[in-house]
Amino acid sequence: NNLNILFVSEKCQNIAIPASAEVTITSDGFVSTAVYTCLSGYTLIGPDMRTCLLNGSWDGVTPDAVIGAYTYRITELLEGLEQTGVSMSV
């Protein structure tokens, strides 16, 4: 998995950026927020937003960016399983 690292500030630790994704960091002076977006043709799997915690770490996990067609196929398969009474999530 290819990840880039973005230096944010002295307070927040560096944040990982998945290949084929971008992250925008905003701060109101008290809370820093990272918002992930994918490049065209990719779909984000995982959280699209993370917050810098008081200890300087980021909450949640680093999302992944996958080719959109794979996400569609996974969703299609999960919907098929639900029709048979099996419930799963990604």
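Just so you know, residue 1 is the first one in the sequence shown, and it goes up from there. Because only heavy atoms are used, hydrogens play no part in the values below, and waters and symmetry mates are left out as well, while side chains stay in.
Summarising the geometry of Ala65 relative to Cys38, their closest heavy-atom pair is CB-SG, 3.6 Å, with the distance given to 0.1 Å. Nearest heavy-atom pair across Tyr36 and Pro18 is CE2-CD, 3.7 Å. Nearest heavy-atom pair across Val61 and Pro47 is O-CG, 3.2 Å.
For Leu39, the side chain to side chain contact (heavy atoms under 4.5 Å, CB included) partners at least two apart in sequence or on another chain are Ser20, Glu22, Tyr42. Applying the side chain to side chain contact (heavy atoms under 4.5 Å, CB included) criterion to Ser57, with sequence neighbours excluded, gives Gln13, Leu53, Asn55. By the disulfide bond (SG atoms under 2.5 Å apart) test, Cys52 is found to be paired with Cys12, residues two or more places apart in sequence or in another chain being considered.
With rounding to the nearest 0.5 angstrom, the OG1 atom of Thr24 is 12.5 Å from the CE atom of Met49.
In terms of modelled atom types and a separation under 3.5 Å, the side chain of Asp59 and the main chain of Thr51 share a donor-acceptor contact.
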